[in-house]
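Shown next, in structure tokens, is the structure this report addresses.
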Protein chains: 2
Amino acid sequence: MPYHLIVQNISKYIRLSPEEEAHFVSLLGRQHLKKKQFLLQEGEVCRHSAFVTRGCLRGYTLDSNGLEHILQFAPPDWWIADMYSLLSQQPGTLNIDALEDSEVLLLSKKDQEQLYLDIPKFERFFRIITENSLLSSRQRLLDSLSLNAQQRYEAFCQRYPSLIHCLPQKQIAAYIGVTPEFLSKMRAELLRKK
Amino acid sequence: MPYHLIVQNISKYIRLSPEEEAHFVSLLGRQHLKKKQFLLQEGEVCRHSAFVTRGCLRGYTLDSNGLEHILQFAPPDWWIADMYSLLSQQPGTLNIDALEDSEVLLLSKKDQEQLYLDIPKFERFFRIITENSLLSSRQRLLDSLSLNAQQRYEAFCQRYPSLIHCLPQKQIAAYIGVTPEFLSKMRAELLRKK
DNA sequence: TAGATTTCTTAATCTAGATTATTGGCGCCA
DNA sequence: TGGCGCCAATAATCTAGATTAAGAAATCTA
């Protein structure tokens, strides 16, 4: 059963009766993704929120030069979606793919809207996780405005300690906003200091 | 009466009965701010959400070199707070001050929590405005990762057309993340092209 | 197992934007 | 009326990080 993780995730913020819990779980789809497989591609309309139960996904965009800019990594116990596209139901700009073989649970936009009406506690749940996302997004924006590349790398290491070793460096470089060459140089300098 | 603006803001997302509306309005405090006056300073605990009815506020942090980094401008009809501090009730890092003489309506954290219990529709309201904040925060993060200074300036002009003329250039420079000197140079180049 | 593909490193060169300094304009107010 | 403080413009110099290139190492694939 891959459901205990999501049930536990929700119970951090709201308390569901067994029936409510069963109803919620019945709405969830399940999808396996192979490494490099897309959950969502630029230009598509995002129709689901995804909750990761295994593996690791990433959300990124391509700029006009074809460079990848990573908005978010999603290891297990995290939610991921193209929020803009999900909310507006317009074609989005986010690509979401799997960095390794992964499994996600899917909640459709339609079911989510209905859930707000059937079990209003879910308004609270999604309000709180949206607040948390907002906090981390703002913190990252501040980091990108006020820290240099080395400080951003250190911040990344603190925030995602589990990912440093399992992720290829070019992914980390794209996340902190430098070229892989420059990250390599920084790492060499950090090593030399110790 | 400064209340019609906030009532109208809320009615975009939820429908309140006259009694609910009156109750909500009765919770609001009112504060006038002179130009340069602080609503909140670094190190304080943020105890209110503020809704701007007149003037313009800004939220910014100071980095280790004393440089200002502007997270948000808040013209009338916008909400502003140090979300991190408001949610955690820990001392925050945000400074919020008035760029011109302004008026805000204040909703205390305590009243906001109680409002969620008394009128659950407010869960929905704040979920939606938090979602919208998240969208704009992510978009700005992407801009800062993928656009150069000139493109960020153009994006700013599109997003805050009303502010371009009433704000001193150093505020705009701090927002888009360049020095005032460089903004001046870019503006000169843009003029030359036309 | 070889060959192909991707990842990481190092190094030389280049550039967007920072830093520092100087100037002039403009409002403020004693 | 003049002096003071703030703001914007310009220009010279400097630097963090990009770009380009090339080789070594690791991983995939047949």
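Letters A, B, ... mirror the listed sequences (proteins, then strands); counts begin at 1.
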- Work out how much the helix from C/dT1-D/dA30 to C/dA30-D/dT1 bends between its end axes, five pairs an end, to the nearest 10 degrees. 40°
- Query: How would nucleotides 23-30 of chain D be written as a contact map, 5' to 3', with B for base contact, S for sugar-phosphate-only contact and - for no contact, using protein heavy atoms under 4.0 Å?
  - Reply: --------
- Short question: side chain of A/Ser88, backbone of A/Tyr84 - any donor-acceptor pair under 3.5 Å? yes
- Query: Taking everything shown except A/Gln158 itself, do over 12 heavy atoms lie less than 6.0 Å from its CD?
  - Reply: no
- Task: Scan residues 161-169 of chain B against DNA chain D and write down, sorted by residue number, each residue with any heavy atom closer than 4.0 Å; if none is found, say none.
- Result: B/Pro168, B/Gln169
- State whether the side chain of A/Asn95 and the backbone N or O of A/Glu42 hold a donor-acceptor pair below 3.5 Å, judged by distance alone. yes
- Message: Between A/Phe24 and A/Phe122, is the ring centroid distance below 6.0 Å?
- Response: yes
- Query: Nearest-Å distance, NZ (B/Lys185) to P (C/dT19)?
  - Reply: 13 Å
- Query: Atom NZ of B/Lys170 to atom P of D/dA9: distance rounded to whole Å?
  - Reply: 14 Å
- Mind calculating the distance between CE (B/Met186) and C1' (D/dT10) to the nearest angstrom? 15 Å
- Query: Is the NZ or CZ atom of A/Arg159 both under 6.0 Å from the centre of the six-membered ring of A/Phe73 and within 45° of that ring's axis?
  - Reply: no
- Pairwise distance SG(A/Cys166) to CD(A/Gln171) - rounded to 0.5 angstrom: 10.5 Å
- Are side-chain N/O atoms of B/Gln112 and B/Ser49 paired as donor and acceptor at under 3.5 Å? yes
- Is the closest basic N to carboxylate O distance between A/Lys12 and A/Asp77 below 4.0 Å? yes
- Message: Does B/Lys170, at its NZ atom, have more than 12 non-hydrogen atoms belonging to other residues, nucleotides or ligands within less than 6.0 Å?
- Response: no
- Item | Donor-acceptor under 3.5 Å (A/Asp63 side chain, A/Leu67 main chain) | yes
- Query: Between B/Glu68 (CD) and D/dC7 (C1'), how many Å, whole number?
  - Reply: 15 Å
- Item | Centroid-centroid distance, B/Tyr175 to B/Tyr160, less than 6.0 Å | yes
- Message: Expected output is a numbered-order residue list: members of residues 137-148 of chain A with a heavy atom under 4.0 Å from any atom of DNA chain D. What is it?
- Response: A/Asn148
- Item | B/Trp78 and B/Gln72: CA distance, side-chain angles, deciding distance, side-chain contact (heavy atoms from CB on, under 4.5 Å) verdict | CA-CA 10 Å; B/Trp78 288 53; B/Gln72 178 190 359; 4.1 Å; yes
- Query: Does anything in residues 96-107 of chain B pair up under side-chain hydrogen bond (donor to acceptor under 3.5 Å, both in side chains), and if so which pairs, sequence neighbours excluded?
  - Reply: B/Arg30-B/Glu103, B/His32-B/Glu103, B/Thr53-B/Glu103, B/Arg58-B/Asp97
- Message: Tell me the interatomic distance from A/Arg187, atom CZ, to C/dT9, atom C1', rounded to whole angstroms.
- Response: 11 Å
- Item | N-O pairing of A/Lys185 and A/Glu181 below 4.0 Å | no
- Provide the closest heavy-atom pair for B/Arg15 versus B/Glu20 in the form atom of the first, atom of the second, distance. O-OE1, 4.3 Å
- Query: Taking the six-membered ring of B/Tyr116, is the NZ or CZ of A/Arg127 close enough (under 6.0 Å from the centre) and on axis enough (within 45°)?
  - Reply: yes
- Message: For DNA chain C, which residues of residues 171-184 of chain B approach it to below 4.0 angstrom with any heavy atom?
- Response: B/Gly177, B/Val178, B/Thr179, B/Glu181, B/Phe182
- Message: Between C1' on D/dC6 and NZ on B/Lys36, what's the gap in Å once rounded to a whole number?
- Response: 8 Å
